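Taking it in order: structure first as structure tokens, then the write-up.
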Amino acid sequence: MTAHASPPAHASPPAPDRRGRRPGAGFLARHLLRLLLSLTVLVVASFAMIHLIPGDPLRQMLGPSAPKALVDQRRAQLGLDQPLVVQFAHYVRHLCTGDLGTSFFSSEPVSEIIRQGLPNTLALALLATLVALAVAIPLGMWSAVRAHHGRGRRTDTVFATLTGAAVAVPEYLYGLALLLVLALGAHLLPPAGLTGPSSYVLPVLSLAIAPAAMIARLARVETLRELDTDYMRLARAKRLPPWRTYAVHLLPNTLTATLTMGGLLLSGLVTGSVLVENVFAWPGLGLRTVESITQKDYPVAQAMILVYGALVLVINFLVDVALGVLDPTSTLSAGPKEA
Amino acid sequence: MNIEQLTVRFGRFTAVDHVTLAVPDGTALGLVGESGSGKSTLARAVAGLLPHRGSVTGVTPGRIQMVFQDPYSSLDPRMTIGEAVLEGARTSRHQRAAQITRLLDLVSLPTSCAAKYPRELSGGQRQRVAIARALAARPEVLIADEITSALDVSVQGAVLNLIRELRAELGLTMLFISHNLAVVRYVCDTVAVMRGGRLVENGPVDEVVNTPTDPYTRALLDAVPRLAPA
Amino acid sequence: MRRLLRTPAGLVGTTLVAALLVLAVVAPWIWGSDATRINPAQIGQGSSAAHLLGTDALGRDLLARTLVATRLTLGLAALATGIGTAAGIVLGALPSLLPRGWGRCVVAAVDILVAFPALLLAMFTAVVTGLGGRGAVLGIGVALAPTFARLTHTLTASVAGSDYIAAARMLRVPRHRVLTRHVLPNIAEPLILNLAQSMGAALLGLSAMSFLGMGVQAPSYDWGRLLNDAFGHVYVTPSVVVAPAVAVTLAGLGFMLLGDAFAAAAARTIDPVGDAVLPDLPKAAAPADPDAVLEIRDLTVAFPGGVTPVRQVSLTVRPGEIVGVVGESGSGKSMTAAAIGDIVPHPGLVGSSRSRLCGVDLDTLTPAARRKLLGSCLAMVFQDPTSSLNPALRVGGQLAEVATLHAGATRAQARARAVERLDRVHIKHPEHVIRQYPHELSGGMRQRAVIAMGLMGTPRLIIADEPTTALDVTVQREVLRVLREVVDESAAGALFISHDIAVVGELCDRVAVMYAGRVVEELPAADLAADARHPYTRALIGSLPDMATDRSAPLTTIPGRQPAPGDVPTGCAFADRCALTTARCATRPRLVRDGQHAVACWEVS
């Protein structure tokens, strides 16, 4: 046997240097690089979107009856008659100056649509995330602590059934149900649009229920796992008061996984808001996105997909970095690992 | 088997650093060291499971077999014991039953085990199956990587006895890895001590145990717990 | 299948999905004409006797349309799941088939795709392929693929990294055979289990697309399309959205419950039934030992199902003494330690005929007083130093909290004491170490820090449960030395639990050997080598080679297995494996004391 015994691709050895903590700068650089790479892929994909449409996209937009002259004129207007490379260069140059094109039908600049809609969409997603986290984490921990002590087997079943069912229902159906009951039935809250603080209640609720159930389930599992560790056994052996055991020893260790999930859900909520916005006629990006796609207003659709994709990537990046900073085992602080 | 200047790197980390060792035919070399000393990495490299620099000569390629530490992950949970044992053996169909009986008998397991699945066996029995599977390929060199450390105390002795019997019966050449010097002393003819990826001492067992030259070997020997003599 | 129907959730899920499948087949035949019959006289009506759930803009019955739409909805969802699964499995398997560099590219691409929400991927695909059912199915399929690819990749990688694949490679088993014999069978089950959940996700995704007007287009209709149509009239006749909305909800629930039930059935967890039952343990009559820091009599731990891991164990620890408890896994030694520390996990029950700590009878104390006594008198050290310290808190804080909470020390006092205690267990630069997190310490340092944590109060008893098992021998030596020093200096007693009879013999003053939940022999540690009498103790010593073992003779072996804690015979538990067994062994031998030495065996006492 000689030196070049080539292992197959999947034989990844346990590499000690990969397991260790990485320096802070490297951690940030790695995540930034990943973000830039993903953004590049996204820009290329959004550019390619129009060109991937089979047949002539202009024909698709204007319909089969439009005169050829008009189609050609519009094509020139959008620059679609130029070579691909030139088009891509234009696309990137415009992106860099914040020019996302103009709507094919209303001639509105897309950047203006985004300026109006984005704050409302973000407010909805952020509020829903906060509500979900604030309700779900204590609920999940409480249920786990009870289960660990062997109390309340019945509450445990109720918890599992309710959260399980809540996860399975999509946000727009919550929206419809809330709309029917609270807005159209009881007339307690406004059914549509953004007219004041009370307008936020129904959309935020419909967005938050399923993620809250999911986070509560996760927080429960994480808490149960942590309760079985030696340091929690030691904390109990030290006879610390319960509040200290749970708030100081337990909470920080369950948060990492729970917040990672929260971050993932936030990016999911950004797109979930598309549906809820359509239910409640919410003046956000979602309404315009769906409209642009169904009307085949390709410049707007292209920009919207780009904006949503970029939002998701940036949120994921921020969550990763925030968790990296919070988690003591992944930070920059160097020290003797093995004495 | 001769190991020459064998080096294994993971990125910038050097796990095994220019190790040269000779294992004459029919002898057993014990490889001792603490966690992180590189002994298991060396074993995996010699077995061809890890890319490395340096050379291993004196063995026909494919005639090195290995028994792993964890008997719970070294057998495919969806394969019967009989299938597992014969996996590497080139046996004609009508000889399979006889071959399985012979191999299981070699490791003191009843033939009735052949139809069972790994989950039905104890840790010690699984380790015997793993040894039988390795022997089925008629290895020139058998590598045993901490094969008793995941087992309960009362089973360890039986597995060590088996290894000694097999050595006497089949004249096996062995690379026996353990963190336990007493176990190595009992099973092996020569011993090599590793620390931080390097070889610090190497020689016949009695010599190393009775007159260690390296201070680290001495520290290891001192740390072996022993019952106070009456 | 029976396992699937055992839980209420599994039953409901299976019933819902079965009902949907039946509807998908029969509904278009039964209600097909009702669903398409246009009735200009009854346009956009609410619930009525003729139309239970109202009519649509053309006067067609909504209930009938919803029932008929089951077929298209499920069909499209199945199609999308098929596309997503196939694409996902191919993408997920590629990294292990392609050359390394290409494999990494695929993994990176999947990682990027997984980050995007499904709806976004579906909308992108829908724009490219055009509006309509085909575009939506493709879109949802594309959206499902990355998750499936990730799952396949993770499963493949974990199987590929297992020792049995390494063994197969050394046996020169051809690569395609490794794939078909080992990899595929072991990843198939979790992948199939995931199908039910994917089907649910596909159904919800498709309905969402159709609801937004990007999916199925008229005159075809699935539930999402029906919702889209009805939503236009929701402000006039709110009840028109009920039928399709309920259908989507029930289907989502059904698939999700079924998926959960599949996963639970595969995990094969069996919950213990009933409650734990303790035997009757009358109060001990003999006078208590006034000097002992710990005196327990007939300690018993019981779990549901007749599982009794600890059976009438009696132990006494005096000041300055280390008592070793040795046994194999399953002997009940760790559960004994947990019972004394009062941390037996639920639903276990602990009983004894006497339990005294620091001269106080624990059974006479109120729960609060008991907690206070245990908190100030007892220190515990566990096996795994990596998990004994809370990873999220600094070492200093974890040590100091004991002093501030139980001894009422100020923060500065507690900190000074922490530094002093760390110094006492020979940790260098304690002022620096208290500001560090546990992961910055080595294993030996962590274990010594845990001992220091126990010393923050003034413990009278230290319970150490396999404290050196996870450590290297040279580090083990340091930790044992620290433990001995601490016991000698503080005159506390210690209970040292270990599977290693040599370590116990070297460190301890007295040793109790446990087998199947009982102490079978108790003797001074110095007598272990020469005067152990119980056949099990002697076999334990003989089965492990030490530096003086005769290399020409085989080691002692013990045939058979230790009985499980729920399965201990009424007679001598060791009789099945013992060479000395006679008819008397059918009755359990009592622990017979002879001075310092006690043995439970008919043949040797």
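Sequence lines set the chain letters: A, B, ... in the order given, protein chains first and strands last, and positions in each chain run from 1. The shown structure was predicted, so the numbers you read here are calculated from the model rather than taken from an experiment.
Of the listed residues D111(C), T129(C), L250(C), L378(C), the one with more heavy-atom pairs under 4.5 angstrom with chain A than any other is D111(C). Each of R371(C), Q398(C), M456(C), M380(C) has some count of heavy-atom pairs under 4.5 Å with chain A, and the biggest count is that of R371(C). When each of Q383(C), M256(C), R394(C), Q197(C) is scored by its heavy-atom pairs under 4.5 Å with chain A, the top score falls to M256(C). Highest contact tally toward chain A, considering only L113(C), T249(C), V242(C), is held by T249(C) [criterion: heavy-atom pairs under 4.5 Å]. When each of D384(C), L374(C), V241(C) is checked for heavy-atom pairs under 4.5 Å with chain A, L374(C) comes out on top. Ranked by non-hydrogen atom pairs under 4.5 Å with chain C, the options N316(A), L184(A), L275(A), L179(A) are led by L275(A). Taking chain A as the reference chain and counting heavy-atom pairs below 4.5 Å, the highest number among G254(C), G200(C), A208(C), S376(C) is found for A208(C). Most heavy-atom pairs under 4.5 Å with chain C: of the set L250(A), V169(A), V248(A), V270(A), this distinction falls to V248(A). Note: L180(A) leads V274(A), T229(A), L180(A) in heavy-atom pairs under 4.5 Å with chain C.
Side-chain contact between I293(A) and L131(C) is present, with heavy atoms from C-beta onward closer than 4.5 Å. Taking the side chain as every heavy atom from C-beta outward, F116(C) and T271(A) never approach each other to under 4.5 Å. Between V312(A) and P117(C) there is a side-chain heavy-atom pair separated by less than 4.5 Å. When side chains are defined from C-beta on, Y172(A) counts as touching S207(C), because their heavy atoms get closer than 4.5 Å. In this structure, the side chains of L227(C) and L173(A) come closer than 4.5 Å at one or more pairs of heavy atoms. The shortest distance between side-chain heavy atoms of M453(C) and L234(A) falls below 4.5 Å.
The heavy-atom pair separating G252(C) from A168(A) by the smallest distance is O-CB, 3.8 Å. In terms of heavy-atom proximity, N253(A) sits nearest to P391(C) at OD1-CG, 3.2 Å.
At a 4.5 Å heavy-atom cutoff, F255(C) makes no contact with chain A through either its backbone or its side chain. Contact of I343(C) with chain A is made through the side chain alone, with heavy-atom distances under 4.5 Å. Heavy atoms of L227(A) lying under 4.5 Å from chain C are absent altogether. The contact between D260(C) and chain A is made entirely by side chain atoms (from C-beta outward), counting heavy-atom distances below 4.5 Å. Of the atoms belonging to N278(A), heavy atoms from both backbone and side chain fall under 4.5 Å from chain C. For a residue to count as touching a neighbouring chain, one of its non-hydrogen atoms must lie under 4.5 Å from one of that chain's; by this rule V234(C) touches chain A with backbone and side chain alike. In this structure, chain C has a heavy atom under 4.5 Å from the side chain of T289(A), while its backbone stays farther away. Proximity to chain C (any heavy atom under 4.5 Å) is shown, for L52(A), by both the backbone and the side chain. Within the 4.5 angstrom heavy-atom criterion, atoms from both the backbone and the side chain of F124(C) approach chain A. Residue L255(A): no heavy atom, backbone or side chain, is found under 4.5 Å from chain C. Only the side chain of V450(C) comes within less than 4.5 Å of a heavy atom in chain A; its backbone stays farther off. Contacts of I50(A) with chain C are absent, with no heavy-atom separation under 4.5 Å from either backbone or side chain.
Distance check: E291(A) CD to L212(C) CG gives 12.5 Å after rounding to the nearest 0.5 Å. The line from CD of E226(A) to OG of S387(C) is 10.0 Å long, rounded to the nearest 0.5 Å.
At most 12 heavy atoms of other shown residues, nucleotides or ligands fall within 6.0 angstrom of atom NE2 in H429(C).
Residues D230(A) and R446(C) are not paired through a salt bridge, judged by the lack of any N-O separation under 4.0 Å between the basic side chain and the carboxylate.
Not one N or O on the side chain of N390(C) forms a donor-acceptor pair closer than 3.5 Å with the backbone of Y231(A).
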